Amino acid sequence: MRRTRILTTVLALAAGLLAGGPPALAAGAPEPAGTLAADTYTWKNARIDGGGFVPGIVFNRSEKDLAYARTDIGGAYRWQEPTKTWTPLLDSVGWDDWGHTGVVSLASDSVDPDRVYAAVGTYTNDWDPTNGAVLRSTDRGASWKKADLPFKLGGNMPGRGMGERLAVDPNRNSVLYLGAPSGNGLWRSTDAGATWSKVTAFPNPGNYAQDPSDTSGYASDNQGIVWVTFDESTGGAGTATKTLYVGVADKENAVYRSTDAGATWQRIAGQPTGHLAHKGVLDAENGYLYLAYSDTGGPYDGGKGRLYRYATATGAWTDISPVAEADTYYGFSGLTVDRQNPGTVMATAYSSWWPDTQIFRSTDSGGTWTQAWNYTSYPDRKNRYTMDVSSSPWLTWGANPSPPEQTPKLGWMTEALEIDPFDSDRMMYGTGATIYGTENLTAWDDDTPFTITPMVRGLEETAVNDLISPPSGAPLISALGDVGGFRHTDLTKVPSMMFTQPNFTSTTSLDFAESHPNTVVRTGNLDSGPHIAFSTDNGANWFAGTDPSGVSGGGTVAAAADGSRFVWSPQGAGVHHATGFGTSWSASSGIPAGAVVESDRVDPKTFYGFKSGRFYVSTDGGATFTASAATGLPAGDSVRFKALPGAKGDIWLAGGASDGPYGLWHSTDSGATFTRLPNVDEADTVGFGKAAPGASYQTLFTSAEIDGVRGIFRSTDRGATWTRVNDDAHQWGWTGAAITGDPRVYGRVYVATNGRGVVYGDTSDTGGGTDPDPEEPDPEPTGACKVTYRITNQWTDGFQADVQLTNTGSAPWNGWSLTWSFADGQKISQLWNGSHTQSGAAVTVRNTGWNGTVAAGSSAAFGFTATRSAANSRPTAFELGGRTCAVS
């Protein structure tokens with residue numbers, strides 16, 4: 001994870017989107033009130049695999065293959081050994097408690113492996129409206145109970161890679177300790193996490209802050225108590241462990257010890273000073289406490305570091321650093337002991353950004369060390385490992401660096417490092433983008449290569465800023481923080497690469513031309529370089545546009561319905577418009593800087609904007625905007641709106657805040673007037689999907705509160721009634737950034753989360769209507785027809801095609817059925833904007849409910865993906881209701 005993740009996440013959450021109550025009604029005639037129903041949905045992730053910082057990995061010490069991982073904003077996960085995947089454990093966190101998706105620490109009970117604990121909370125300043133909590137589970141995270149704390153916790157704060165701050169007594173497992181930030185000290189529970197009290201005898205709450213001058217409270221927070229480690233050899237079953245060690249964010253007084261089960265505490269004599277102890281890992285068998293030190297709290301800073309070994313019996317301190325301090329340009333953090341061979345110790349140079357992170361290994365308790373890679377003759381290096389990222393190929397970042405840098409990198413922000421306590425060959429470590437691991441680690445000691453691969457499947461940790469689902473081409477294109485975004489042609493597979501040329505650090509906005517979906521535009525943030533990019537092949541390839549003067553961030557962007565022009569509202573500059581692909585921008589008039597912009601999905605010259613309670617309309621391609629007379633809209637800027645495909649001027653607007661109008665509004669006159677839906681209490685996103693069978697209006701989706709219930713909702717009747725499609729087990733914290741349905745699959749919805757990636761749901765509901773009866777006679781339009789068949793993409797065993805059917809006669813069609821035969825064994829696997837049957841080589845495609853009427857001179861279009869063998873010849877003959885069509 002890159003440094004920008006912190007700020008982009010905060011900005012997404014700090015814009016007044018979080019608290020809410022019933023807003024005042026806006027002007028306009030009310031639409032029909034409805035009733036709240038529920039549907040059973042199946043929820044999955046569009047696979048990306050990783051995409052964010054994993055600061056902690058915890059193995060249970062008594063049960064083989066039981067492991068957990070924590071993320072800074074995306075919840076916690078449990079390892080599934082049979083499938084080598086991770087299962088999310090905190091999807092039940094709801095909207096009001098969104099901060100509890102940040103996990104500052106995990107603890108797995110070695111006495112009762114069914115018990116697991118999570119200390120949760122995302123920010124310690126006012127960005128997070130709720131206090132932290134300790135969650136406890138007796139079924140390995142399948143369900144949780146919560147103990148609220150009287151202070152905040154910081155899963156996404158500086159220092160979050162230190163730890164673990166939460167620990168279970170390995171002898172008396174009803175006793176737990178928690179290290180708190182912000183000067184709140186050390187806390188203890190004696191009833192298995194149900195209640196907590198402060199350990200008043202503990203003398204030092206810490207004093208280190210990353211930047212004491214930061215007025216936001218983010219970098220200036222005291223990082224507090226950062227780890228707790230028990231010496232299991234000083235207790236027996238059922239008796240509280242007598243000796244435990246605590247790490248404190250204090251460079252002069254970093255390590256304390258109690259020898260009377262926490263009754264009294266002493267600073268350990270002779271300890272090194274001038275650094276922070278990120279980790280404290282005990283080898284009780286040999287009587288050594290290992291400590292990893294850095295000059296800062298991390299996870300992305302750190303310029304100097306040391307490794308020390310403390311002999312628990314004699315009190316002797318030994319500097320076991322693998323390199324001289326003068327040669328470090330990084331701190332140490334990742335630290336682990338091989339429990340099968342306790343003399344084997346490993347550590348990471350977590351803040352070595354360039355040319356790569358470093359991992360160190362000792363088999364003699366830190367007496368001597370070897371490194372994961374060494375220079376041979378600079379800039380050439382020799383690696384002890386090989387890396388196979390074929391399961392997550394985007395981890396190369398599409399880069400081609402010069403030596404000594406390599407791609408893929410061994411990692412960065414490598415603060416989590418664990419050797420499996422039951423298997424010396426298995427190691428996992430977290431990075432800013434994934435979890436890497438190996439299952440032949442001991443080959444290191446023979447100086448033969450060991451293999452590192454991503455061990456992250458099932459763990460989805462991207463923060464999602466925008467989503468689009470075009471009517472043809474890829475079903476999903478995403479705008480993401482930190483990793484830019486992806487084009488998914490298959491939701492079940494990891495895309496080969498994120499967006500490149502350019503690769504934004506975060507993509508902020510996406511759009512496509514409604515009638516030409518191959519034209520796609522994206523905007524985003526980049527330290528230096530352009531902030532806008534275009535694609536003419538549905539997002540498969542990109543080229544950079546040119547920024548107008550003053551642009552500092554991506555903002556929002558809109559594409560004309562036919563792709564002929566674009567309107568862009570970037571950060572740092574006012575709204576601009578351009579004809580073509582943004583080589584020359586002109587300032588738009590009549591609309592304020594920072595407005596959210598969208599396009600009409602029918603009229604290519606009509607664009608819309610919203611800023612501070614006012615709606616703006618342009619009918620000249622974005623050159624000039626006029627403020628609408630509509631009143632009663634949300635006063636702030638926490639608003640998202642979209643225009644309905646296929647209907648000029650049909651607009652839905654969601655947003656607001658608890659101190660003013662907050663809900664969902666509808667306009668059918670290009671924003672001249674809006675009507676607030678009285679049956680929606682609050683709404684934050686709105687999107688459209690395929691109409692229900694038998695319905696003519698597209699399905700609406702929203703992240704909203706309806707009838708006092710927060711959730712993801714669907715309406716198939718223009719908002720008159722709503723169905724909740726998620727449930728309490730599937731809430732994903734904050735879902736206020738984006739939502740869209742799929743125009744090809746009824747009921748499918750894509751939901752943007754802040755740390756759990758792109759979640760999509762499929763319905764078990766048929767929609768309450770009926771599909772066309774396949775036994776009815778095919779419609780038989782009169783007059784002539786023409787077919788254009790175009791292969792738009794092709795791969796080893798498949799392809800994608802678009803078909804355009806034109807009425808070249810003089811009378812309209814009221815339904816159509818097109819047939820052809822494949823010559824090379826092609827078989828359709830998915831088709832959109834129509835329904836199809838295939839028998840052998842013969843294919844029949846019928847219209848949907850909304851594209852059956854085709855006026856003379858007009859066209860209907862559909863697309864499909866199909867499998868193929870080596871040959872893929874185009875069909876040469878098409879029939880429409882028994883009539884032969886011309887082919888172009």
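These numbers come from a predicted model, not from an experiment.
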NZ/NE/NH1/NH2 to OD/OE distance under 4.0 Å, Asp39 and Arg714: yes
Check: Asp482 main-chain N/O paired with Ser506 side-chain donor or acceptor under 3.5 Å: yes
Do Thr523 and Trp568 have side chains that approach each other closer than 4.5 Å (heavy atoms only, starting at C-beta)? yes
For Ala729, is there any backbone N or O sitting under 3.5 Å from a side-chain donor or acceptor partner on Asp727? yes
How long is the span from the CG atom in Asp221 to the CG atom in Asn125, to the nearest 0.5 Å? 7.5 Å
Under 3.5 Å: donor-acceptor pair, side chain of Thr740, backbone of Leu467: no
Can a donor-acceptor pair be found between the side chains of Ser703 and Thr685 at a distance below 3.5 Å? no
Do the charged groups of Asp762 and Lys44 touch, with an N to O distance under 4.0 Å? no
Residue pair Asp511 / Ser509, side-chain donor-acceptor N/O under 3.5 Å: no
Taking side chain to side chain contact (heavy atoms under 4.5 Å, CB included) as the definition, give me every residue that meets it alongside Ser552, ordered by chain and number, with sequence neighbours left out. Gln571
Side chain to side chain contact (heavy atoms under 4.5 Å, CB included) between Ile739 and Tyr750, intermediate numbers included: CA-CA 6 Å; Ile739 195 169; Tyr750 303 99; over 6 Å; no
dist Trp665:CH2 -> Leu653:CG (nearest 0.5 Å) comes out at 7.0 Å
Rounded to the nearest 0.5 Å, how far does CZ of Phe610 lie from CG of Asp637? 7.0 Å
pair Phe674-Phe615: side-chain heavy atoms closer than 4.5 Å: yes
Name the one of Asp717, Thr716, Thr763 that satisfies side-chain contact (heavy atoms from CB on, under 4.5 Å) with Thr699? Thr716
Just so I know, are the side chains of Ile532 and Val557 near enough to count as touching, which here means a heavy-atom distance under 4.5 Å? yes
Ala559 backbone acceptor or donor facing Arg565 side chain under 3.5 Å: no
Heavy-atom pair with the smallest gap, counting every atom of Gly622 and Ser588: O-OG, 2.6 Å
Give the intermediate values and the outcome of side chain to side chain contact (heavy atoms under 4.5 Å, CB included) for residues Val759 and Glu460. CA-CA 9 Å; Val759 176; Glu460 298 286 345; over 6 Å; no
Find out whether the Lys NZ or Arg CZ of Arg522 is both under 6.0 angstrom from the six-membered ring centre of Phe504 and within 45° of the ring's axis. yes
Quick check: do Tyr616 and Thr626 have side-chain heavy atoms less than 4.5 Å from each other? no
How long is the straight-line distance from CG of Leu700 back to OG1 of Thr723, given to the nearest 0.5 Å? 11.5 Å
Pro470 versus Pro475, closest heavy-atom pair with distance: CD-O, 4.3 Å
Which heavy atom of Ser667 sits nearest a heavy atom of Thr673, and at what distance? OG-O, 2.8 Å
From the list Ile651, Val597, Val567, Val596, side-chain contact (heavy atoms from CB on, under 4.5 Å) partner of Tyr608 resolves to Ile651
Ala643 backbone acceptor or donor facing Glu598 side chain under 3.5 Å: no
Student check: side-chain heavy atoms of Ile477 and Phe512 closer than 4.5 Å: no
Would you say the side-chain atoms of Asn679 pair up with the backbone N or O of Gly719, donor to acceptor, closer than 3.5 Å? yes
Where does the angle between the aromatic ring planes of His730 and Trp732 fall among parallel (under 30°), tilted (30 to 60°) and perpendicular (over 60°)? tilted
Backbone N/O of Val602 and side chain of Glu514: donor-acceptor pair under 3.5 Å: no
In short, Thr519 meets Gly563 closest at the heavy-atom pair CG2-CA, 4.2 Å
Pick out which of Val120, Leu90, Val134 makes a side-chain contact (heavy atoms from CB on, under 4.5 Å) with Trp144. Leu90
Would you say Pro743 and Phe688 make side-chain contact, with heavy atoms under 4.5 Å? no
Start with the C-alpha distance between Arg676 and Leu664, add both sets of side-chain angles, then the distance that settles side chain to side chain contact (heavy atoms under 4.5 Å, CB included), and finish with yes or no. CA-CA 6 Å; Arg676 183 184 181 276; Leu664 183 64; over 6 Å; no
Check: Tyr760 ring centroid to Trp43 ring centroid under 6.0 Å: no
Measuring from Asp214:CG to Ser220:OG, what's the distance to the nearest 0.5 Å? 4.5 Å
Minimum heavy-atom distance between Pro158 and Tyr218, given as atom pair plus value: CD-CZ, 3.5 Å
Please answer whether the main-chain N or O of His531 pairs with a side-chain N or O of Asp547 as donor and acceptor at a distance below 3.5 Å. yes
Pairing of Lys605 and Asp620 as salt bridge, 4.0 angstrom limit: no
Does any part of the side chain of Lys642, heavy atoms only, come nearer than 4.5 Å to the side chain of Trp652, both counted from C-beta? no
Apply the test side chain to side chain contact (heavy atoms under 4.5 Å, CB included) to residues Asn131 and Asp148: give CA-CA distance (whole Å), side-chain angles for both, the deciding distance (0.1 Å), then the verdict. CA-CA 7 Å; Asn131 281 340; Asp148 290 313; over 6 Å; no
Salt bridge present between Arg756 and Asp91 (N-O < 4.0 angstrom): yes
Decide side chain to side chain donor-acceptor pair (under 3.5 Å) for Arg601 and Ser599; before the verdict, give the C-alpha distance in whole Å, the side-chain angles of both, and the deciding distance to 0.1 Å. CA-CA 6 Å; Arg601 310 313 283 181; Ser599 66; 2.7 Å; yes
With distance as the sole test, does Ser569 use its side chain to make a donor-acceptor pair with the main-chain N or O of Ala595 at under 3.5 Å? yes
Taking all heavy atoms of Ala578 and all of Trp585, pick out the closest pair and write down the distance. CB-CE3, 3.4 Å
Just how far is it from atom CG of Leu510 to atom OG of Ser478, taken to the nearest 0.5 Å? 7.5 Å
Can you list everything that forms a side chain to side chain contact (heavy atoms under 4.5 Å, CB included) with Ala635? Sequence neighbours excluded, please. none
If we ignore angles and hydrogens, is there a donor and acceptor under 3.5 Å between the side chains of Tyr41 and Asn726? no
Is the shortest heavy-atom distance from the side chain of Thr122 to the side chain of Arg160 under 4.5 Å? no
When you check the side-chain N and O atoms of Asp650 and Tyr697, is any donor under 3.5 Å from an acceptor? yes
Between the side chains of Glu682 and Arg710, is the shortest nitrogen-to-carboxylate-oxygen separation below 4.0 Å, so that they form an ion pair? yes
Could you tell me whether a side-chain N or O of Asp600 sits under 3.5 Å from a main-chain N or O of Gly649, the two making a donor and an acceptor? yes
